[in-house]
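Each remark here refers to the structure printed beneath this line.
One-based numbering, in listed order, for ligands and for the atoms of each.
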Amino acid sequence: SKAQLFDKDSSKKVTFRDVAGLSEAKEEVQEIVEFLKNPNNYTNLGGKIPKGALLVGPPGTGKTLLAKAVAGEANVPFFSISGSDFVEMFVGVGASRVRDLFRQAKEKAPCIVFIDEIDAVGRARGKNANFGSNDERENTLNQLLTEMDGFGSNSGVIILAATNRADILDKALLRAGRFDRQIYVELPDLNDRREIFKVHLRPIKIDESVDVDFLARQTPGFSGADIANVCNEAALIAARKKKKFVQRDDFINAVDRIIGGLEKKNKIIT
Ligand code: ATP
């Protein structure tokens, strides 16, 4: 089986306008957009463009969204693969997928390659040696390191990887010339939640009872993904009641429902 790079839903271009809050992270990735658009402005004095950056933060905070927005803003294709796709039981498959990935990316340059859950392959080597497939995972990781070193920094391929556990990553991945930049993608604060609600209320038909500030205050600890969920859920609740517009009480019900879901998830984990 081959790792195929697909430019999924390339018709729906994501831009920074779709990413609410995360102002520092956006500023940092803005530079990557510039590298992709005008590489010569950076390399003409002999500098090397970074090969990749690591997006670090809790689930659902917009790491994938931000990576897509970089591609959208630079107008280059976006390819994504999950670290867990590299971890295979069969000897050599993971490493050959990594080789495939880089070969295809170089052909499609300039482009963004997004590796979600990089910790699945990038956990520090030599730990959990009692698990059977560990050697195989290490082969895959070594291949990834080799490929990162092998492709020229001015190849037009920029690798963005995401994790919520930067602390468990193999230090070799973070060395200069690999993922030497870390960009933090945090849970949104009150103001950010307001901005995220504004983005996700755009397509929803709401009436004047719905107040963005109230919603932001009702949702401490929610991620951007949770907020997107609330907006969608509220619209479904109102539609079920055959309403013409989504109202404040539909949002309150949706928030309760999402909180219930989050509590259940936490119970399973702990
Ligand atoms: P995971 O670690 O679980 O893969 P992630 O950090 O990659 O999560 P995304 O997949 O980017 O999170 O977010 C899921 C969805 O949540 C997005 O497609 C978007 O609808 C919404 N979302 C998350 N963060 C934001 C944000 N900052 N602004 C607007 N929408 C957001």
Side-chain angles (χ1 to χ4, degrees), residues 6-30 32-33 52-73 78-87 112-123 158-169 179 182-204 212 215-216 219-236 251 254-255 257-259 261-262 265-266 268-269:
F6 291 115
D7 192 355
K8 289 185 214 131
D9 47 38
S10 56
S11 52
K12 284 187 290 161
K13 204 173 106 168
V14 176
T15 68
F16 286 150
R17 190 170 170 265
D18 302 302
V19 187
L22 303 182
S23 50
E24 274 175 43
K26 271 200 232 175
E27 218 167 276
E28 289 190 56
V29 297
Q30 176 65 45
I32 297 175
V33 174
L54 189 65
L55 306 175
V56 183
T61 46
K63 299 182 289 298
T64 309
L65 191 68
L66 190 63
K68 274 188 191 162
V70 171
E73 293 283 341
F78 174 84
F79 301 108
S80 81
I81 192 154
S82 171
S84 56
D85 295 339
F86 292 133
V87 183
I112 289 284
V113 174
F114 179 66
I115 308 177
D116 203 359
E117 293 178 56
I118 190 151
D119 38 291
V121 59
R123 259 180 295 125
I158 292 192
I159 318 277
L160 296 176
T163 182
N164 34 40
R165 293 295 308 275
D167 55 310
I168 61 169
L169 289 181
F179 296 102
Q182 295 195 21
I183 298 172
Y184 289 90
V185 180
E186 315 271 5
L187 277 175
D189 64 13
L190 176 66
N191 198 47
D192 293 336
R193 292 199 301 279
R194 240 181 246 134
E195 297 306 312
I196 297 172
F197 266 110
K198 283 184 198 159
V199 167
H200 290 283
L201 287 175
R202 269 184 219 148
I204 313 272
V212 169
L215 292 175
T219 49
F222 278 43
S223 68
D226 297 331
I227 290 173
N229 242 330
V230 166
C231 294
N232 194 60
E233 194 66 35
L236 295 180
F251 279 92
V255 168
R257 200 168 280 189
I258 305 295
I259 289 175
L262 293 175
K265 237 196 277 170
N266 290 340
I268 293 168
I269 293 167

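By the neighbour-count criterion of 12 heavy atoms within 6.0 Å, atom CZ of R202 is densely surrounded, having more than that number from other residues, nucleotides or ligands.
In terms of modelled atom types and a separation under 3.5 Å, the side chain of K26 and the main chain of V19 share a donor-acceptor contact. A distance-only check finds a donor-acceptor pair linking the side chain of D85 to the backbone of S82 [under 3.5 Å].
Around ligand 1, the residues contributing at least one heavy atom under 4.0 Å from the ligand are D18, V19, A20, L22, P59, G60, T61, G62, K63, T64, L65, D116, I196, H200, G224, A225, A228.
Atom CD of E117 and atom CD1 of I81 lie 11.5 Å apart (nearest 0.5 Å).
At a threshold of 4.5 Å between non-hydrogen side-chain atoms, the residues I115 and I159 count as touching.
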Start with the C-alpha gap between T163 and D119, add the side-chain angles, then the distance that decides, and say whether side-chain hydrogen bond (donor to acceptor under 3.5 Å, both in side chains) holds. CA-CA 6 Å; T163 182; D119 38 291; 2.6 Å; yes
